[in-house]
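The next block holds one structure in the form of structure tokens; read it before the comments.
Lettering of chains follows the sequences in order, A, B, ..., and the numbering in each one begins at 1.
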There are 2 protein chains.
Amino acid sequence: MSRLDASLLADLPPFSGMSRDALDDMLARAVSFRSAKDAYVFREGEEAHSFFLLLDGYVRVVKVTPDGEQVIVRYIATGELLGIAKAIGRDSYPANAVAAVDCVLLAWPSNAWDAIVAAHPGFATNTYSMVGSRLVGTQDRVVELATERVEQRVANAILSLARETGRKTDEGILIDFPISRQDISEMTGTTLHTVSRLLSSWDSKGWIKGGRQKITLVEGHRLMMVASARD
Amino acid sequence: MSRLDASLLADLPPFSGMSRDALDDMLARAVSFRSAKDAYVFREGEEAHSFFLLLDGYVRVVKVTPDGEQVIVRYIATGELLGIAKAIGRDSYPANAVAAVDCVLLAWPSNAWDAIVAAHPGFATNTYSMVGSRLVGTQDRVVELATERVEQRVANAILSLARETGRKTDEGILIDFPISRQDISEMTGTTLHTVSRLLSSWDSKGWIKGGRQKITLVEGHRLMMVASARD
DNA sequence: TCTCCAGTTTGCGACAATGCAAAGATCCGG
DNA sequence: CCGGATCTTTGCATTGTCGCAAACTGGAGA
């Protein structure tokens with residue numbers, strides 16, 4: 001049996017506003033498990049048997065095109081839900097989820113979704129508004145891809161990663177998980193070569209500090225200038 | 001008072017599975033109105049006082065970038081919901097909605113959302129799964145913008161428009177509302193010049209038939225070839 | 001410690017798509 | 001039925017980004 005306490009969940013956005021009893025009930029229905037770095041949490045097209053909460057780590061949500069190109073749809077950070085197919089009326093996962101580092105997750109069986117929603121309307125509301133934020137965020141991404149140049153998109157990607165997953169170090173804000181030039185290119189719709197050129201140029205200017213699967217944001221305002229440059 | 005009959009709604013996806021009484025109740029809470037071509041149904045950032053059902057016509061959902069560029073986020077067809085900010089936990093509209101032709105709509109006050117959801121769980125479920133489909137669709141759009149070339153994206157855009165809003169004519173499948181080269185470019189993240197070049201090239205091959213604010217798909221399979229071309 | 005491999009950098013040529021400019025076509029209102 | 005506004009087409013020069021190739025580098029495992 002999992003030795004997990006409701007206090008683990010209490011501060012997470014999906015459970016905000018829920019009573020201690022409600023959290024206990026949610027926990028009682030869940031099982032926890034680990035996922036090693038690079039392991040799949042679920043795969044696109046697979047029947048959505050469960051939905052998940054990421055208790056620790058980072059997960060990449062990835063789509064693969066017919067000719068094998070990968071696109072990173074989003075990163076899931078600690079405390080977020082993933083794989084909630086039932087909440088959006090689907091019975092298979094629409095993308096792949098891969099652990100970006102060793103992760104700890106909680107899983108609920110999808111067929112418990114209706115009962116959980118009925119028992120915990122607050123959780124349902126939180127979930128639906130999270131889906132809404134993701135929709136709005138994804139739409140913003142469409143606007144970005146449609147109107148901005150590669151340079152701006154890469155700057156934006158790094159700024160968001162730093163904002164959402166950044167850890168303060170004495171050099172600057174370090175992105176908290178291993179991330180390659182290739183990963184950045186798959187987030188921004190470009191090639192690892194172009195990303196590498198941009199990052200090494202910014203590195204030489206001292207705006208960021210790069211490394212193997214590592215990026216530290218040193219002068220965020222510089223990248224913000226790049227991201228919003230008129231031309 | 002609006003003289004609307006519940007049978008108007010019965011066949012529309014948002015209301016599927018609902019009883020006649022439920023539909024009557026929904027209708028009783030709504031008011032209908034018209035929106036002239038090019039008029040705004042709502043604007044980005046505006047407080048979301050209402051949510052809407054499009055009873056007749058087509059609506060363009062548009063975002064505007066800081067430097068004035070427009071991006072068409074989606075087209076809403078007859079029978080679809082729009083402006084459902086409350087369903088996604090927002091209290092302002094995240095984009096502009098503009099009538100693409102003269103439209104007829106139904107409006108419900110947003111503050112009735114909770115009561116409606118409580119009274120009609122089927123409607124709630126339908127709405128949430130529609131939000132989910134839109135999320136999945138928007139994610140697919142991100143993948144497309146990130147990986148495909150302009151030519152393929154334009155071909156795809158025309159194919160989807162024809163599929164979703166096409167009207168059969170003796171020449172082929174006509175897109176049912178006025179749509180300019182500029183509109184297509186705002187859907188696909190390119191320029192009206194490039195769209196014009198592509199369309200006139202396809203026109204000269206007999207694959208489509210263009211006109212002022214008019215596109216007829218003649219040989220859909222040709223565009224499908226273009227859309228999925230390996231290179 | 002050495003070796004190998006995955007990840008990164010960089011140069012260079014190629015080209016898809018843009019930006020600019022100007023002419024043509026079509027429709028609507030007066 | 002005319003005139004102007006809007007939409008479309010097309011040529012040409014420019015360029016941002018890619019594709020390919022090759023060298024480099026840091027770190028994990030033997």
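Under 4.0 Å is where a charged nitrogen must lie from a carboxylate oxygen, and between B:Glu164 and B:Arg74 no such pair does.
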Could you give the side-chain donor-acceptor pairs of residues 201-221 of chain B under 3.5 Å, partners two or more places apart or in another chain?
| from | atom 1 | to | atom 2 | distance (Å) |
| --- | --- | --- | --- | --- |
| B:Asp203 | OD2 | B:Gly210 | N | 3.0 |
| B:Ser204 | OG | B:Ser201 | O | 2.8 |
| B:Glu219 | OE1 | B:Arg222 | NE | 3.1 |

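Each of B:Val73, B:Leu145, B:Ile72 was compared with A:Val142 under the side-chain contact (heavy atoms from CB on, under 4.5 Å) criterion, and only B:Leu145 meets it. Under the side-chain contact (heavy atoms from CB on, under 4.5 Å) rule, B:Tyr93 has a single partner from B:Glu44, B:Glu47, B:Arg43, B:Glu46, which is B:Glu46.
Here B:Ser200 lies in heavy-atom contact (under 4.0 Å) with sugar-phosphate atoms only. As judged by a 4.0 angstrom heavy-atom cut-off over every strand, A:Arg212 is placed among the base-contacting residues.
How far CZ of A:Arg181 is from CD1 of A:Ile184: 7.5 Å, rounded to the nearest 0.5 Å.
In plain terms, the two heavy atoms of B:Arg60 and B:Ala100 that are nearest each other are NH1-CB, 4.2 Å. In plain terms, the two heavy atoms of B:Val101 and B:Pro178 that are nearest each other are CG1-CD, 3.5 Å.
Nucleotides of DNA chain D that come within less than 4.0 Å of any heavy atom of chain B span, from the 5' end to the 3' end, D:dT6 to D:dC12.
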Footprint string (nucleotides 17-23 of chain C, 5' to 3'): B base within contact, S backbone only, - free, heavy atoms under 4.0 Å: SBBBB--
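In this structure, A:Gln182 atom CD and C:dT9 atom C1' are separated by 15 Å, rounded to whole Å.
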Test side-chain contact (heavy atoms from CB on, under 4.5 Å) applied to B:Asp102 and B:Lys37, step by step: CA-CA 4 Å; B:Asp102 290 346; B:Lys37 177 165 152 55; 3.5 Å; yes
